[in-house]
Amino acid sequence: MKTQSENKCFEGMQGVYHHWSEACNCDMTFGIFMPSIATSEPVPLVWYLSGLTCTHENAMTKAGAQAAAEEFGVAIVFPDTSPRGSNVPDDDDYDLGQGAGFYLNATKQPWVNNFQMWDYITLDLTDLINENFNVDMARQSIMGHSMGGHGALTIGMGMPGRFKSISALAPICNPTGADWGRKQLAAYLGNDEQSWIKHDSSILMLNEGFDGKVLIDVGSKDQFIDLLRPETLANAMTERRQSGEFRIQSGYDHSYFFVSTFIDDHLAFHADLLNNE
């Protein structure tokens with residue numbers, strides 16, 4: 001692991017680091033904020049997964065998460081959204097290829113050799129953080145925005161017992177039934193739609209649920225709401241009687257203005273569970 005930058009921030013430290021990923025077969029970059037209390041004791045870890053076109057940097061610089069993370073004494077990690085580099089496959093469309101990893105393990109060419117984002121998040125980067133930062137890996141939660149909300153929900157439900165809580169801001173809720181999803185799932189996983197199911201949070205919620213609390217926020221004026229299909233997740237949570245809260249926030253859109261408005265709520269939600277273990 002190599003240090004790109006480290007900046008003091010709200011008494012904690014915002015770092016950016018490079019490392020080789022065995023899963024993605026390329027160099028990867030991530031950011032992590034460590035609260036000041038981590039100098040004396042292990043702290044809980046919150047994962048923040050970003051959306052389409054984003055890198056590690058978008059949420060790190062736009063979400064305004066560090067002040068609340070320092071207040072609540074939690075680390076927050078900002079992974080990249082895909083493998084990158086001149087030898088990594090890409091596509092001319094913004095919603096496929098680099099910047100659009102969809103937090104799954106691709107099985108089809110040309111993506112299979114690099115696009116292993118599920119393993120990158122759950123294995124490679126997890127091990128690296130455990131080895132290099134003073135975090136308590138028994139206390140983890142996961143959250144995300146848009147494509148990252150999809151990733152947080154599917155990874156959170158797909159790994160029972162690992163995460164204490166899940167939250168999402170404007171998540172892609174039903175990728176098997178929307179253009180933000182069917183295109184990418186077909187490209188990365190092929191046309192067998194049975195293989196898509198574990199990457200659809202609405203189906204997972206209905207069939208499996210989550211052994212913990214869930215918080216979802218969606219803006220009523222989200223310009224992509226028909227692609228997100230939040231009603232599918234709300235209905236699944238209701239039918240499953242999932243412990244949690246689903247909120248439609250009046251007047252808000254899909255942007256980081258929306259994210260930054262509610263990020264403190266989400267970190268407080270996670271910290272309340274993580275710090276009372």
Side-chain angles (χ1 to χ4, degrees), residues 1-50 54-85 88 101 103 105 114-145 148 151-152 155-156 158-159 161-166 263 266-267 270-271 273-275 277:
M1 188 180 77
K2 297 180 180 179
T3 302
Q4 176 177 309
S5 63
E6 290 182 329
N7 299 95
K8 188 172 182 179
C9 183
F10 296 104
E11 301 305 317
M13 184 65 67
Q14 176 63 63
V16 177
Y17 306 93
H18 297 296
H19 70 105
W20 176 260
S21 167
E22 292 293 336
C24 293
N25 196 31
C26 66
D27 287 320
M28 297 290 285
T29 303
F30 70 97
I32 186 168
F33 175 80
M34 295 297 295
S36 58
I37 195 173
T39 59
S40 59
E41 63 183 68
V43 297
L45 179 64
V46 177
W47 294 81
Y48 182 101
L49 306 186
S50 291
C54 292
T55 69
H56 69 282
E57 191 173 19
N58 295 73
M60 189 181 77
T61 59
K62 292 181 179 181
Q66 290 88 348
E70 171 67 20
E71 177 185 352
F72 300 133
V74 299
I76 182 166
V77 59
F78 306 97
D80 204 346
T81 57
S82 78
R84 296 181 191 274
V88 174
Y103 302 102
N105 289 339
N114 303 101
F115 281 71
Q116 304 294 310
M117 286 300 293
W118 182 289
D119 282 355
Y120 174 68
I121 297 296
T122 63
L123 297 173
D124 277 16
L125 188 52
T126 295
D127 289 345
L128 192 75
I129 290 170
N130 188 38
E131 293 166 3
N132 290 278
F133 299 92
N134 194 20
V135 295
D136 180 358
M137 300 305 276
R139 294 185 291 159
Q140 297 182 64
S141 292
I142 191 165
M143 66 179 297
H145 172 231
I155 290 173
M159 302 193 73
R162 173 160 174 175
F163 300 100
K164 305 300 182 185
S165 51
I166 304 172
I263 192 77
H266 284 245
L267 287 174
H270 294 302
L273 298 167
L274 294 169
N275 289 327
E277 274 291 299

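Numbers here are sequence positions counted from 1. The model shown is predicted, which means the values in this text are computed figures rather than measured ones.
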Take Leu123 and Trp118 through the side chain to side chain contact (heavy atoms under 4.5 Å, CB included) test and state the conclusion after the steps. CA-CA 8 Å; Leu123 297 173; Trp118 182 289; over 6 Å; no

Nearest 0.5 Å, what's the CH2-OG1 distance between Trp47 and Thr122? 8.0 Å

Minimum side-chain heavy-atom gap Val16-His56 below 4.5 Å: yes

Beyond-backbone contact of Asp136 with Val43, side-chain heavy atoms, under 4.5 angstrom: no

Should Ile155 and Ile142 be marked as a side chain to side chain contact (heavy atoms under 4.5 Å, CB included) after you check the CA-CA gap, both sets of side-chain angles, and the distance that decides it? CA-CA 8 Å; Ile155 290 173; Ile142 191 165; 4.0 Å; yes

Smallest heavy-atom separation, Gln66 atom then Cys9 atom, equals CB-SG, 3.7 Å

Just verifying a value: how many Å separate Asn134 CG and Ile129 CD1, rounded to the nearest 0.5 Å? 13.0 Å

Separation of Gln14 CD from Ser5 OG (nearest 0.5 Å): 7.5 Å

Report the C-alpha distance between Thr81 and Tyr103 in whole Å, list the side-chain angles of each, state the deciding distance to 0.1 Å, and finish with yes or no for side chain to side chain contact (heavy atoms under 4.5 Å, CB included). CA-CA 8 Å; Thr81 57; Tyr103 302 102; 3.5 Å; yes

Taking the side chain as every heavy atom from C-beta outward, state whether Asp124 and Glu22 have any atom pair closer than 4.5 Å. yes

Establish, yes or no, whether a centroid distance under 6.0 Å links the rings of His19 and Tyr120. yes

Just by distance, with hydrogens left out, do Thr126 and Arg162 show a side-chain donor and acceptor under 3.5 Å apart? yes

Less than 4.5 Å apart, side chain to side chain, heavy atoms only: is that true for Pro44 and Asn275? yes

State, with a plain yes or no, whether a side-chain heavy atom of Met1 is found less than 4.5 Å away from one of His18. no

Closest contact, heavy atoms only, Thr39 versus Ser36: OG1-O, 2.8 Å

Closest non-hydrogen atom pair between Gly144 and Ala152, with its separation: N-CB, 3.8 Å

Could you list all the salt bridge (Lys or Arg N to Asp or Glu O under 4.0 Å) pairs where at least one residue sits in residues 10-20, not counting sequence neighbours? Lys8-Glu11

Within a strict 4.5 Å, meaning less than it, do heavy atoms of the Leu274 and Val46 side chains meet? yes

Which residue pairs pass the salt bridge (Lys or Arg N to Asp or Glu O under 4.0 Å) test with at least one member in residues 59-75, sequence neighbours excluded? none

Distance (rounded to the nearest 0.5 Å) between Asp119 CG and Asn105 CG: 4.0 Å

How many angstroms lie between CD1 in Ile76 and OG in Ser141, if you round to the nearest 0.5 Å? 10.5 Å

With heavy-atom distances below 4.5 Å as the criterion, would you say the side chains of Ile263 and Met143 are in contact? yes

Parallel, tilted or perpendicular, judged at 30° and 60°: which one describes the rings of Phe30 and Phe133? perpendicular

Taking the side chain as every heavy atom from C-beta outward, state whether Val77 and Tyr48 have any pair of such atoms under 4.5 Å apart. no

Looking only at side chains, do His270 and Ser165 share a donor and an acceptor under 3.5 Å apart? yes

Under the 3.5 angstrom rule, does the side chain of Asn132 hit a backbone N or O of Leu128 as a donor-acceptor pair? yes

Please report the closest heavy-atom contact between Pro42 and Arg139, naming both atoms and the distance. O-NH2, 3.5 Å

Sequence-distant partners of Thr3, side-chain contact (heavy atoms from CB on, under 4.5 Å), two or more places apart: Glu6, Tyr17

In terms of heavy-atom contacts, Met117 and Cys24 come closest through SD-SG, 4.0 Å

If you take all heavy atoms of Ala271 and Val74, which pair is closest and at what distance? CB-CG1, 4.2 Å

